[in-house]
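What follows is a short report on a single structure.
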Amino acid sequence: MSKNIIRADDKHADTFDLGGALWKIQIPGSETGNQFSLVESISPPGIGSPLHRHIRADQAIYVLEGELEILADSKSFFFTKGETCLIRRGAPHREINSSRSETRFITIHSPGFFSEFIRLAGIPVPVGTKVPPPSTPNIDEARKLVEIGLEFDVEILTPLEKLAGTGKQ
């Protein structure tokens, strides 16, 4: 392989469990001078991100399979296979698989800090791992998630108590 070509595939992607979804870093920001990162997500029904925003990054999402609901501007937007969404930097939003089947999507962030957030906030899992059963972080894990997020351009807006499952929804 050439130093100018990066091959990304499921056999070699660093894979992490974060928030009950699998995240596969296909092209890390470190390989692009943080111009962008490309990460695949596999999300079971009912799983989604907390309300957050990317302070310095634009986010593009391309749905590969299933349906993805994006909550932004107090509205729900639904995207299905083959559809793309652009979320501008600074926009509070959350993604959720509100369908009854698994959803797969690609997310591209520019600049590419998001891949390092996944690497540090997620739990490494072996390549080929199936989507894990969802779990709720404890308050210390939720606090760590918020701190790592701020370091890598992800400002989590959901209160810690809700992240940890100790607050009222």
Side-chain angles (χ1 to χ4, degrees), residues 1-44 47-66 68-73 77 79-97 102-129 131-132 137 141-158 163:
M1 195 52 76
S2 163
K3 68 178 181 173
N4 294 315
I5 301 292
I6 299 170
R7 179 180 297 245
D9 61 41
D10 286 347
K11 295 177 190 168
H12 301 96
D14 290 341
T15 305
F16 299 86
D17 170 5
L18 179 61
L22 284 183
W23 295 87
K24 298 178 182 183
I25 300 174
Q26 298 289 358
I27 301 177
S30 60
E31 289 291 343
T32 69
N34 275 325
Q35 294 290 317
F36 74 93
S37 63
L38 188 148
V39 179
E40 177 185 1
S41 178
I42 304 170
S43 179
I47 296 299
S49 66
L51 183 66
H52 66 285
R53 66 181 175 158
H54 305 278
I55 302 162
R56 298 171 290 168
D58 293 318
Q59 177 183 6
I61 295 174
Y62 178 76
V63 179
L64 299 167
E65 295 176 6
L68 189 65
E69 179 180 5
I70 308 290
L71 301 166
D73 301 325
F77 303 90
F79 297 86
T80 60
K81 181 178 178 176
E83 293 186 312
T84 303
C85 169
L86 174 65
I87 302 167
R88 298 194 187 278
R89 63 188 68 201
H93 66 282
R94 69 183 295 244
E95 305 96 5
I96 186 166
N97 177 356
E102 193 172 270
T103 294
R104 288 180 54 233
F105 62 94
I106 296 289
T107 182
I108 299 169
H109 288 77
S110 178
F113 308 112
F114 186 70
S115 59
E116 288 309 303
F117 168 72
I118 293 296
R119 189 178 305 284
L120 292 174
I123 299 166
V125 296
V127 171
T129 298
V131 177
E141 293 167 333
R143 191 172 287 116
K144 180 182 173 190
L145 183 69
V146 169
E147 289 170 5
I148 293 170
L150 287 174
E151 188 175 343
F152 291 98
D153 193 49
V154 180
E155 182 181 15
I156 297 174
L157 303 171
T158 299
L163 277 179

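- Atom CD1 of residue Ile61 and atom OG of residue Ser41 lie 9.0 Å apart, to the nearest 0.5 angstrom.
- The backbone N or O of Gln35 lies less than 3.5 Å from a partner atom in the side chain of Ser110, making a donor-acceptor pair.
- Residue Glu31 holds its CD atom at 11.5 Å from CD1 of Ile25, rounded to the nearest 0.5 Å.
- Summarising the geometry, atom OG1 belonging to Thr107 is positioned 7.0 Å from atom CD1 belonging to Ile87; distances are rounded to the nearest 0.5 Å.
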Go through it in stages, so that I can follow the logic: the residues are Thr15 and Val125, the test is side-chain contact (heavy atoms from CB on, under 4.5 Å), and I'd like the CA-CA distance, side-chain angles, deciding distance and then a yes or no.
CA-CA 6 Å; Thr15 305; Val125 296; 3.5 Å; yes
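- In terms of heavy-atom proximity, Ala142 sits nearest to Pro137 at N-CB, 4.1 Å.
- Between the CD1 atom in Ile47 and the OG1 atom in Thr103 there is a gap of 11.0 Å [rounded to 0.5 Å].
- The CG atom of Leu71 lies 8.5 Å from the OG atom of Ser49; values are rounded to the nearest 0.5 Å.
- Proximity of Glu95 to Glu69: side-chain heavy atoms (C-beta onward) are nowhere separated by under 4.5 Å.
- Thr129 and Leu22 get closest at one heavy-atom pair: O-CD1, 3.0 Å.
- In this structure, the side chains of Arg119 and Pro28 come closer than 4.5 Å at one or more pairs of heavy atoms.
- In terms of modelled atom types and a separation under 3.5 Å, the side chain of Trp23 and the main chain of Leu18 share a donor-acceptor contact.
- In this view, Gln26 and Ala8, Asp10, Ala13, Lys24, Leu38, Glu40 satisfy the side chain to side chain contact (heavy atoms under 4.5 Å, CB included) rule, not counting sequence neighbours.
- Ion pairing between Asp58 and Arg89 holds under the 4.0 Å rule for side-chain N and carboxylate O.
- Using a 4.0 Å cut-off between a side-chain N of Lys or Arg and a carboxylate O of Asp or Glu, Glu141 and Lys144 do not qualify as a salt bridge.
- In terms of the side chain to side chain contact (heavy atoms under 4.5 Å, CB included) criterion, residue partners of Thr158 (sequence neighbours excluded) are, by chain and number, Pro50, Leu51, Ile156, Lys162, Leu163.
- No side-chain heavy atom of His109 sits under 4.5 Å from any side-chain heavy atom of Arg56.
- The nearest pair of heavy atoms linking Gly20 to Pro44 is O-CD, 3.3 Å.
- The side-chain heavy atoms of Ser115 and Ile118, taken from C-beta on, include no pair separated by under 4.5 Å.
- Atoms CZ and OH, from Arg104 and Tyr62 in turn, are 10.5 Å apart once rounded to the nearest 0.5 Å.
- Under the rule for a ring pair (Phe, Tyr, Trp, His ring centres under 6.0 Å), the partners of Phe117 that lie at least two apart in sequence or sit in another chain are Phe114.
- Using a distance-only test at 3.5 Å, with no hydrogens or angles considered, a donor-acceptor pair links the side chain of Asn97 to the main chain of Ser43.
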